[in-house]
Amino acid sequence: MIKFTQKIVVLAFVGFSLLGTGISGASADSQGMHKKIMVDDAWARARGATAKIAGAFMTIKNMSAQDDRLLSAKSDISKRVEIHTTKMVDGVMKMMQLKEGIAVKSGAEVMLKPGGYHVMFLGLSGALPEGSSFPVTLSFEKSGDVKVMVSVKKAGAMGGMSHGKTKMKHD
Ligand SMILES: [Cu+2]
């Protein structure tokens, strides 16, 4: 009876180890995977041809052992790309550039979402039609460049603030 119990424990341990291996193997193949940084659910709202600015949102996970920081981003869809945050000031939503970027601590997950952190595209070169996608290169302090594809969703997606209807100042 004792022997039987020990066998069960050993089997359970082996099973757990295999499961762990399976998980890390699968994530290495997923979209936006870098050695250390993983980016999920990158999306932007659809924009018409006359729109000048757009925001992109995503979830950034730091799988590395060291703290990192999203410093900047690059894309062909606009003249400039900045890292922004959104703050409520006297009842008005205001966006401001984060010159220091966004800190992503080791093991942490940071969400860029409407009404909060976002990647801002200034001086759009054309429309962003619903259903299309475009590449963005994110530059991290420690992990370097991570290329992600941003999916364009319909203009009302996810609620929150609309960049297009809000008057914004950029320096
Ligand atoms: Cu912005």
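All values below were derived from every heavy atom in this structure, side-chain atoms included, with hydrogens, water molecules and symmetry-related copies excluded. Quantities reported herein were computed from a predicted structural model and do not represent experimental measurements. Counting starts at 1 for both ligands and their atoms, in listed order.
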| said: Is it the case that the side chains of Asp67 and Ser106 hold a donor-acceptor pair, with the cut-off being a distance below 3.5 Å and no angle test? | reply: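 No, no side-chain donor-acceptor pair sits under 3.5 Å.
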| field | Aromatic plane relationship, Phe57 with Trp43 - under 30° parallel, 30 to 60° tilted, over 60° perpendicular | value |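 Plane angle between 30° and 60°, so tilted.
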| query | At the Cu ion (ligand 1), what's the angle from His118 NE2 to His84 ND1, rounded to 10 degrees? | reply |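 Vertex at the Cu ion (ligand 1): approximately 110°.
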| Backbone or side-chain N/O/S of Gln97 under 2.8 Å of the Cu ion (ligand 1) |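 Here the distance criterion (N, O or S atom, under 2.8 Å) is not met by Gln97, so no.
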| From the Cu ion (ligand 1) out to just under 2.8 Å, does an N/O/S atom of Met95 turn up? |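 Short answer: yes, at least one N, O or S atom is under the cut-off.
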| request: Please report the C-alpha distance between Met58 and Asp41 in whole Å, then the side-chain angles of each, then the deciding distance to 0.1 Å, and finally whether the side-chain contact (heavy atoms from CB on, under 4.5 Å) criterion is met. | output: CA-CA 5 Å; Met58 63 198 73; Asp41 306 324; 6.0 Å; no
| message | Could you report the tightest heavy-atom contact between Ser75 and Pro135, atom names first, then the distance? | response |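 That closest heavy-atom pairing would be OG-O, 3.3 Å.
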